[in-house]
Number of protein chains: 4
Amino acid sequence: MIYLRNDYANGCIPEVLELLKEKNSAIYPVYGTDQETQKAKDLIRSKMPDCDVEIYFLPTTTASNTMMTRVALQSYEGVIACESARLHTREAGAIEFAGHKILTVEDSNGKLTPEAIEEKYNESVSKYDQMVIPKLAAISNPTELGTIYTKDELQALHDKCKELDLYLMMDGTRLANALVAPIDYTMNDLPKWLDMFSIGGTRSGLLFGEAVIIANKELDKGISLMCKQQGFLLEKGWIYGIQYQALFKEDAYYKIAMQENALNADLQTDLQKYGYPLYTRGFANMVFPMLTKEQMDYLAEYLDFEVWKKRDDFYICRIVIGFHITKEDVSKVSQLFAKAIGYEEKEIQTITTEEILNEDKENLQR
Amino acid sequence: MIYLRNDYANGCIPEVLELLKEKNSAIYPVYGTDQETQKAKDLIRSKMPDCDVEIYFLPTTTASNTMMTRVALQSYEGVIACESARLHTREAGAIEFAGHKILTVEDSNGKLTPEAIEEKYNESVSKYDQMVIPKLAAISNPTELGTIYTKDELQALHDKCKELDLYLMMDGTRLANALVAPIDYTMNDLPKWLDMFSIGGTRSGLLFGEAVIIANKELDKGISLMCKQQGFLLEKGWIYGIQYQALFKEDAYYKIAMQENALNADLQTDLQKYGYPLYTRGFANMVFPMLTKEQMDYLAEYLDFEVWKKRDDFYICRIVIGFHITKEDVSKVSQLFAKAIGYEEKEIQTITTEEILNEDKENLQR
Amino acid sequence: MIYLRNDYANGCIPEVLELLKEKNSAIYPVYGTDQETQKAKDLIRSKMPDCDVEIYFLPTTTASNTMMTRVALQSYEGVIACESARLHTREAGAIEFAGHKILTVEDSNGKLTPEAIEEKYNESVSKYDQMVIPKLAAISNPTELGTIYTKDELQALHDKCKELDLYLMMDGTRLANALVAPIDYTMNDLPKWLDMFSIGGTRSGLLFGEAVIIANKELDKGISLMCKQQGFLLEKGWIYGIQYQALFKEDAYYKIAMQENALNADLQTDLQKYGYPLYTRGFANMVFPMLTKEQMDYLAEYLDFEVWKKRDDFYICRIVIGFHITKEDVSKVSQLFAKAIGYEEKEIQTITTEEILNEDKENLQR
Amino acid sequence: MIYLRNDYANGCIPEVLELLKEKNSAIYPVYGTDQETQKAKDLIRSKMPDCDVEIYFLPTTTASNTMMTRVALQSYEGVIACESARLHTREAGAIEFAGHKILTVEDSNGKLTPEAIEEKYNESVSKYDQMVIPKLAAISNPTELGTIYTKDELQALHDKCKELDLYLMMDGTRLANALVAPIDYTMNDLPKWLDMFSIGGTRSGLLFGEAVIIANKELDKGISLMCKQQGFLLEKGWIYGIQYQALFKEDAYYKIAMQENALNADLQTDLQKYGYPLYTRGFANMVFPMLTKEQMDYLAEYLDFEVWKKRDDFYICRIVIGFHITKEDVSKVSQLFAKAIGYEEKEIQTITTEEILNEDKENLQR
């Protein structure tokens, strides 16, 4: 059974445990006021030399999304997000528990668009005193469908939000997988477009931990206290420092994502070659093949994956390539998929992986 | 300018002020523990002789919807409702402020269906520990589109909710307009299908006030205290008692709605006759004509109405017939609509109002 | 049985019903955007010519206290108040339901002092990231013990709050009874010292209603929307306008309080004369005699009053003089108290009511 | 500088890192559904063979206290706790953020008493519909003052709570230090008296983590979902399992506390011998000497400790003995205290440590 259900079923990268062991015997100022935490923040800041950002560490993605939302919103303000957004679908009502309404819009291939933001904004404003006021737009990058925002898209979202006086936040649960994809921006660009974003650690090889980056200093108010209030503030905050140092000092953060994306691209190419329709086509570490009941049942005997949703007669499935997945695993997965659809070698299409990737890059530009 | 924007811009029925004057000099036990409140509850209960219900009075529809939701839900549970539901669109995030998530589904002509409930339920349950658990389904009757649930539809919703262990609540902001429509049930039937519902007073001729009916006694816990906690508990609670007595002792509640529905039916028939497409066709006190920009601009000079939403080149408008609207008003409104579309008498369609109404009744049965 | 339990068991002043009747047949813009509401606000503003204030109407004291608290506080900030404050003891957890912590201090004869504020502030700040940050101090005037702040006390509270960067709010549930007491300030002075305060209507002869005065314009943000969100925004907002016009156009607001205070002073003087120890000595419309069990049992047969708390062998009772109480009522109440303690006419003390009042005035100045 | 400010400035016990390393390469079901978590729960359950308990793991003490409170309370119910309770003083308003009011009472040497519970309960119930209903009583063991509940005290609290239909929860942030003190009960007894309690890991040698024990099965509803909703549910839940295994498999949990308590007893004895008044006298790992300004200033040059509060001319200081503190540290600390007060060897009192401990034991029984 190969585990393809998500990318957080594995342990941490060895660097984390090594550094924890090395640093474990010291005495640390509590609640993240220590030097190891400071070092980690400096390391992260070194990836964004153009900007002056503040950094907070939180235990889970639910925690980081809740905190960013609380930071940006007054009690009578809401957040615009896609129907498919994690904070709407997979956070067990965390945002609502904190008292805020999510104003959902339809996504476009997993993405939030300036047009959708504007439409929702106008709708809310026209019913003033009846709807909460939108004050924040939230995106995920990669999206929940594994697609990745382009530079132009981020710029356009930023411009629209400025125009409408909205903050823009980005859920970076799997940000590494976006940053190593064929895009034309780096982490250093993000603070220019975003008021806040997270750099997920849990899915990038940590035991746990998400870093929240505050790029807009007017939002840097009361965060540490809110973290305490919500039970997020670890007494031994230095553990975050250690972990993020392990992640960034030798760029494990990027290397892991590169491995995942590459294996994912191989698998995605194979699946297309075999003739599987894909629900969406992304460049991160997730593939969404659409399977018949028979194909799904066959594959489920050997592979552990999630059924994303049912559409007509198809089961849209989600395959996630975590960093525990090897080249051999992917090869085996690919063979199983080939078998499930009755694909035979002789049918091999003439299109090569390179051609497909080039085609993808072109798509990405549009 | 004829005011068609809503049905709560007018004052109260004279009976309310008369009774207030008559009863104003007494001393009353506070917070609704008085005899006038008791009398009003008995009067309301007399409309539902088959059931044993508990009754609470609240100041606004936002208050009554929030309270019913809080009563039914634990902090980790959510409410299934239509995208178009008042508690989702027009309550300024009241449900979320109280900490609960609304799980929205698409409506079918304004209505929630058992199928939509089941689909949302299954989606939530399949992502256990990621989505709030649905524990309540909420409908409005009439719906926000002026459509009215049939007996069979209510029975089917009740059955589905029982099957899935959900409570079922009904926002009865304009319930009177449903009860006097061509339906085959009365207020006495409602407690059999619904765990809770409201009997709106504000839109039925009171100064203010909504009655919340608790039909399922297991939900009758802590309500009075929650009302105090949310600032809803009037010190001089007897004011509700007086008002609801005025509404029910001579059935003003029903008479007002009958007048509104009749005038509304006349106008709706005219508008169809003139050739206006209707966004939906209801039997309560709201018409939703779809207007061109030119028509809208012309009418807006003489009539005060709400633009519901824009669709393609049409402006879907909402005309509400409050009890301040007279036969003469409707006649004038009708003439203006005729003029706006260039309708001439000679074009009169052969279909009569009676035929249209018969056709409507047939539609209602389906 | 004479009702002395509180001052909101009676009906409204006749002016309210007369004006409601006169104005009932018009059509009004909804949610308080009408001219009657505007007129009422202008009338209230005319009592504070030196300041430019914003005004909102709310249904209950719980609503007005909650709203003022929400307006002033971020989610991680708290309000300093006396242990005896209404918002701590009698609001069923309204402030906490809205997510805020009340930081309580001991009162000094019902009053909050600058020293107590400073001590609590320092305690909170010294445990930064462990305690919510105080950002608001809340007083009641009259206090829950019927005592009244002097000009100097209000000035000192204002100065301390400015120093510590706290907002200062005043619960004016019974403000009229303070303003007609022997104090040396008027309503016009209040906005100079207070960022927000309420002018209670329910206990001053309205059917219901509290006016919230926003003196500090930086707090005037999102209030109307928050009111809608909490279910406080009446559809027919003009009802508040009518009521507050009735209260202020002929100064019924002050006349009622003068009558109550005068009767209360008479009774308080009598009770002291008879030898009852008083828990506190106020100048508003409440007396707090300390009774033995026998006295209490005897009086409870004829009088309906509240037992405030038990201390040692005494029952501290609260007698409230509402505007339904007549001179004859007070005379009867006085006789009963005389009888309960076995007081005989021949024992009459030489001190006169005037002397006592003069003495009180001196006390008040200190 | 010896760090005596708290017991969570140190790293974790080596067993934690060893086991993490050993188990790090596996693939685990997520959100705590794995076998390592199961093993840890079984190990903890083996310490309470007489009862059938459910166990949840949470990241911080704020998280565990919030969760226990939420589990027990409806939105209109409150928790009775001491003024000095951690959940009132040191959780940054976490309970209020979750919407609940803390009903505080004065503590008796840090402890909550049945009498205080009953008094607060009666006060709340007598003002029904004005105060939140108490439904939970919360204690800490050891208390915030380092005192420890006796068997009889726990039994009496349990009996009173049953009588008043309250749940009883215990904050066990430092429970180990209570269980190894001279008391006559073990962990196995706790579920008989308590509906819920926590077994703190952070202060007992883990990187982080608190175990919440649900002894009353009627409270075991929706907890996992609430944990997700509040951002507490770690994706890689097995990390808790590993850590709690490390803590309990060789009883490190108890051994660490024994070392801390023993060193603490030595220091406390010395301080008394030197003539320092103690604010309270406990048997756990905290001493509360009352220092003059001069003594405090002198000691603060060498020791890092917390000033608990100021009383008259004394500074009540809190010394905490974490497991990083050695016998040599304590000896040095003791010498500094001796010097600060000018204590000389020849003054040695005749009373021995054993005599003091015996005396303490007698005190404990009372």
Side-chain angles (χ1 to χ4, degrees), chain B residues 1-3 5-14 16-18 20-21 23-31 34 58-67 90-94 96-99 202-203 206-208 224-236 238-239 304 322 324, chain C residues 1-3 5-14 16-18 20-21 23-31 34 58-67 90-94 96-99 202-203 206-208 224-236 238-239 304 322 324:
Chain B
M1 205 71 158
I2 300 176
Y3 191 91
R5 193 167 275 278
N6 56 54
D7 40 11
Y8 46 92
N10 44 263
C12 65
I13 53 173
V16 165
L17 293 183
E18 282 159 24
L20 273 177
K21 194 171 174 188
K23 303 281 190 173
N24 187 50
S25 52
I27 296 298
Y28 297 102
V30 297
Y31 293 133
D34 62 279
L58 290 147
T60 62
T61 56
T62 307
S64 61
N65 278 329
T66 305
M67 198 47 57
R90 299 201 159 212
E91 309 280 39
E96 290 83 3
F97 176 70
T202 308
R203 285 154 187 77
L206 300 191
L207 292 169
F208 67 96
S224 177
L225 188 57
M226 276 193 274
C227 284
K228 176 69 181 170
Q229 188 180 55
Q230 281 213 262
F232 298 154
L233 202 62
L234 285 199
E235 285 91 339
K236 304 180 182 179
W238 58 273
I239 306 172
D304 190 356
H324 64 285
Chain C
M1 205 71 158
I2 300 176
Y3 191 90
R5 194 166 274 276
N6 56 54
D7 40 12
Y8 45 91
N10 43 262
C12 64
I13 52 173
V16 165
L17 294 183
E18 282 158 24
L20 273 177
K21 195 171 174 189
K23 302 281 190 173
N24 188 51
S25 52
I27 296 297
Y28 296 103
V30 297
Y31 294 132
D34 62 280
L58 290 147
T60 62
T61 57
T62 307
S64 61
N65 278 329
T66 304
M67 197 47 58
R90 297 199 161 214
E91 308 281 39
E96 290 83 2
F97 176 70
T202 309
R203 284 153 187 78
L206 299 191
L207 292 170
F208 67 96
S224 177
L225 188 58
M226 277 193 274
C227 284
K228 176 69 183 170
Q229 187 180 54
Q230 280 214 261
F232 299 155
L233 201 62
L234 285 199
E235 284 92 339
K236 304 180 183 179
W238 59 274
I239 306 174
D304 190 356
H324 65 284

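Letters go in sequence order (proteins before strands), and every chain restarts at 1.
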Which atoms of [X] come close to chain C, meaning under 4.5 Å heavy atom to heavy atom: side chain ones, backbone ones, both, or neither?
{"X": "N6(B)", "answer": "side chain"}
{"X": "T202(B)", "answer": "both"}
{"X": "I239(B)", "answer": "side chain"}
{"X": "S64(B)", "answer": "neither"}
{"X": "L58(B)", "answer": "neither"}
{"X": "Y3(B)", "answer": "side chain"}

To the nearest 0.5 Å, tell me how far [X] [atom1] sits from [Y] [atom2].
{"X": "N10(B)", "Y": "E235(C)", "atom1": "CG", "atom2": "CD", "value": "11.5 Å"}
{"X": "K21(C)", "Y": "L20(B)", "atom1": "NZ", "atom2": "CG", "value": "12.0 Å"}
{"X": "Q230(C)", "Y": "T66(B)", "atom1": "CD", "atom2": "OG1", "value": "9.0 Å"}

Nearest heavy-atom pair of [X] and [Y]: which atoms, and what distance?
{"X": "R90(C)", "Y": "K228(B)", "value": "O-CE, 3.1 Å"}
{"X": "A92(C)", "Y": "L225(B)", "value": "CB-CD1, 3.8 Å"}
{"X": "T62(B)", "Y": "Q229(C)", "value": "CG2-O, 4.2 Å"}

Q. Would you call the rings of F232(B) and F232(C) parallel, tilted or perpendicular if under 30° counts as parallel and over 60° as perpendicular?
A.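 Perpendicular.
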Q) So, does T60(C) use its side chain to make a donor-acceptor pair with the main chain of L233(B) at under 3.5 Å? A)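 The answer is no, because no donor-acceptor pair under 3.5 Å joins these two groups.
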Determine the option with the most heavy-atom pairs under 4.5 angstrom with chain B, choosing from [options].
{"options": "F208(C), F97(C), Y31(C)", "answer": "F97(C)"}
{"options": "A98(C), P29(C), G93(C), G99(C)", "answer": "G93(C)"}
{"options": "N65(C), N24(C), D304(C)", "answer": "N24(C)"}

(Q) I'd like to check the salt bridge (charged side-chain N to carboxylate O under 4.0 Å, His left out) partners of D7(C); sequence neighbours left out, ordered by chain and number. (A)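 Here the qualifying residues are R174(C), R203(C).
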Q: Could you list the residues that satisfy salt bridge (charged side-chain N to carboxylate O under 4.0 Å, His left out) with K23(B), not counting sequence neighbours?
A: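 Listed in chain order: E36(B).
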**Q.** Region of L17(C) that comes under 4.5 Å of a non-hydrogen atom in chain B
**A.**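 Answer is side chain: those atoms of L17(C) sit under 4.5 Å from chain B.
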